[in-house]
Trainee: 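Next up is a structure, given as structure tokens.
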2 protein chains.
Amino acid sequence: MSDEKRSADAPEPVVATRERIARAASRLMQRQGYDGTGIKQISAEAGATLGSVYHFFPGGKLELALEALNRGNREFVDELRAVFDEEEDPAAAMVLLTRRLADGLRASDWMDGCPITTTALGASGRLPQIQAAASEAFVRWHALVFDRLTESGVAEDAARALAHTVISILEGAELTAQVTRSSAPLEAAGRHLARLIDGDREAATGQE
Amino acid sequence: MSDEKRSADAPEPVVATRERIARAASRLMQRQGYDGTGIKQISAEAGATLGSVYHFFPGGKLELALEALNRGNREFVDELRAVFDEEEDPAAAMVLLTRRLADGLRASDWMDGCPITTTALGASGRLPQIQAAASEAFVRWHALVFDRLTESGVAEDAARALAHTVISILEGAELTAQVTRSSAPLEAAGRHLARLIDGDREAATGQE
DNA sequence: TACCAGGTAGAGCGTTCTTTCCAGAGGTGG
DNA sequence: CCACCTCTGGAAAGAACGCTCTACCTGGTA
């Protein structure tokens, strides 16, 4: 709503302060979780001062975390949509996606896993709003996968269950890959996911 | 190395202090992660004093966390072995296991997920010893599943990849179930896991 | 010139954190 | 009866935490 004011004569902050703070919060919480990330650390990483942080996020740490979760949510939605756009076959899309996740993980030296999981796991037991935001993200991803599966011919009941497994296996494989510092889990996940999807598509077309 | 001293005449502490501290650390870190769990909280939960904690765990919080991870590791190894003992068919064993995980999760009001993941995720980036211990656990579980799969007729190459996916899907489904507070991901995981395993067993016996 | 709102700057409050330290309780062997 | 050792109890140090607060800068408007 206020992004177009520094039009030409004051381009100093290449990216606005609020945006820098939100990005730093997202990255830091993705890596260290809610409790492991301090607000001073966020402000330092963002190149902003404490005053700026509380100016833009008066809700404090909780608001920062919710913003980080929303960003992580959108981030993965975009990634999911991208592979579905590039590969019409959902099985092939999953193979592509797992390869991209593996590349991203390795590129960050196994630091950047799922942008939701780390923040959600440690705090969702104590902070219901964080649990709610994380749950919302998973439900959203599930719906996205479910839609794509039914579009490609999987029966609704099968697609609902299969979409759960798609999300579970992606989450689990990324987690396992990150902790063991190996891309093998993600590679296996891609192949097995493709097999499951192809199986349910054949079953649906076969019984029509 | 010094565990057999209280042989018979000093059974006063129904459960020894060191054991109570270790259990409290495990449970708390499983739920809240490394940074979310304080040593004072552990000592209070264990009914021990700070002095006792540092007496038994002079390595401080890190040593407590490593002990918690080792316990979590053994815990899941036992659970895995139990279902493999009860169900000869590995596919059936996975269905049984996912049901048990779902029951345990619901019974704890979605608090007690994987005893490794929460502790590992937030801290493995900063504390290499935690990353190593968590990685060791995952590798151990993979080996256990791999052995059972090859025993039941799956070819080695397929078993290696499939064992990765077994661990990934179990981790991911438990995580997703915990965050969304629904056992649906675990139920779907059990069925799909069984399908994948049966597929690889048929493939192996078919090509012999 | 005067004013004002949006944003920046950081000192400092009260609390909590991990860790260290030492004084004692309780049982055991000489 | 004393020396000894394991374990308990808790005070306190030193640092870090989330958050509040006031002062200041800056660009636009009247």
Side-chain angles (χ1 to χ4, degrees), chain A residues 1-22 24-25 28-29 32-68 119 122-123 126-127 129-130, chain B residues 1-22 24-25 28-29 32-68 119 122-123 126-127 129-130:
Chain A
M1 54 179 75
S2 63
D3 225 286
E4 60 283 356
K5 57 187 157 186
R6 306 176 176 280
S7 50
D9 60 339
E12 305 189 16
V14 180
V15 41
T17 306
R18 195 200 135 93
E19 176 70 17
R20 291 201 321 272
I21 294 170
L28 254 20
M29 289 203 179
Q32 309 172 336
Y34 183 84
D35 292 295
T37 304
I39 292 199
K40 286 190 175 159
Q41 190 186 9
I42 292 174
S43 77
E45 176 93 2
T49 62
L50 221 43
S52 299
V53 172
Y54 279 94
H55 173 75
F56 288 110
F57 299 92
K61 195 175 188 179
L62 181 58
E63 188 179 346
L64 252 350
L66 294 175
E67 172 76 18
T119 308
R126 284 165 295 160
L127 302 170
Q129 313 182 62
I130 287 193
Chain B
M1 52 178 76
S2 64
D3 224 285
E4 60 283 356
K5 56 188 157 188
R6 303 181 174 280
S7 50
D9 59 340
E12 304 188 19
V14 179
V15 42
T17 305
R18 195 199 135 92
E19 176 70 18
R20 292 202 317 276
I21 294 170
L28 255 20
M29 288 203 180
Q32 310 171 337
Y34 183 85
D35 292 295
T37 304
I39 292 199
K40 283 189 175 167
Q41 189 185 11
I42 292 175
S43 77
E45 176 93 1
T49 62
L50 227 39
S52 299
V53 173
Y54 278 94
H55 173 75
F56 288 110
F57 299 90
K61 196 175 186 178
L62 180 58
E63 189 179 347
L64 252 350
L66 294 175
E67 172 76 18
T119 308
R126 285 164 294 160
L127 302 170
Q129 315 182 58
I130 287 194

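Chain letters run A, B, ... following the sequence lines, proteins first and then strands; every chain starts at 1. Predicted model only: the values in this text are computed from it and were never measured.
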Trainee: Between dC19(D) atom P and E63(A) atom CD, what is the distance in whole Å?
Mentor: 11 Å
Trainee: Just the rounded figure in Å: distance from C1' of dG7(C) to CD1 of I21(A).
Mentor: 10 Å
Trainee: Using atom CZ of R20(A) as one end and atom C1' of dT8(C) as the other, report the distance to the nearest whole Å.
Mentor: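 Spelled out: CZ on R20(A) to C1' on dT8(C) is 11 Å.
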Trainee: Taking atom P of dA16(D) as reference, at what distance in whole Å does atom CD1 of I42(A) sit?
Mentor: 17 Å
Trainee: Looking only at non-hydrogen atoms, find the nearest pair between A24(A) and I42(A) and report the distance.
Mentor: CB-O, 3.8 Å
Trainee: Once you round it to whole Å, what is the distance between P of dT19(C) and CZ of F56(B)?
Mentor: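 Taking atom P of dT19(C) as the reference, CZ of F56(B) is at 18 Å.
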Trainee: Check whether S43(A) reaches the backbone of K40(A) with its side chain - one donor and one acceptor, N or O, closer than 3.5 Å.
Mentor: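 The answer is yes, because a donor-acceptor pair under 3.5 Å joins these two groups.
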Trainee: Which heavy atom in L28(B) sits nearest to a heavy atom in E45(B), and how many Å separate them?
Mentor: CD2-CB, 3.9 Å
Trainee: Rounded to the nearest Å, what distance is computed from the NE2 atom of residue H55(B) to the P atom of nucleotide dC21(C)?
Mentor: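 After rounding, the reported distance stands at 16 Å.
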Trainee: Under 3.5 Å, is there a donor-acceptor pair between the side chain of T119(A) and the main chain of M29(A)?
Mentor: yes
Trainee: side-chain hydrogen bond (donor to acceptor under 3.5 Å, both in side chains): which pairs involve residues 50-60 of chain B, sequence neighbours left out?
Mentor: T49(B)-S52(B)
Trainee: Rounded to the nearest 0.5 Å, how far does OH of Y34(A) lie from CG of L64(A)?
Mentor: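 The distance works out to 8.5 Å.
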Trainee: Specify the residue among G51(A) and T49(B) whose closest nucleotide of DNA chain D lies further upstream toward the 5′ end.
Mentor: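 It is T49(B), whose closest nucleotide lies nearer the 5' terminus.
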Trainee: Quick one: is dG7(C) close enough that its OP1 or OP2 comes under 4.0 Å of any side-chain N or O from S52(A)?
Mentor: no
Trainee: Can you tell me the distance, in whole Å, between the CZ atom of F57(A) and the P atom of dG7(C)?
Mentor: 12 Å
Trainee: Between protein and nucleotides 15-18 of chain C, what N or O pairs are separated by less than 3.5 Å?
Mentor:
unit_1: dT18(C); atom_1: OP1; unit_2: T37(B); atom_2: O; d: 3.4
unit_1: dT18(C); atom_1: OP1; unit_2: K61(B); atom_2: NZ; d: 2.9
unit_1: dT18(C); atom_1: OP2; unit_2: I39(B); atom_2: N; d: 2.8

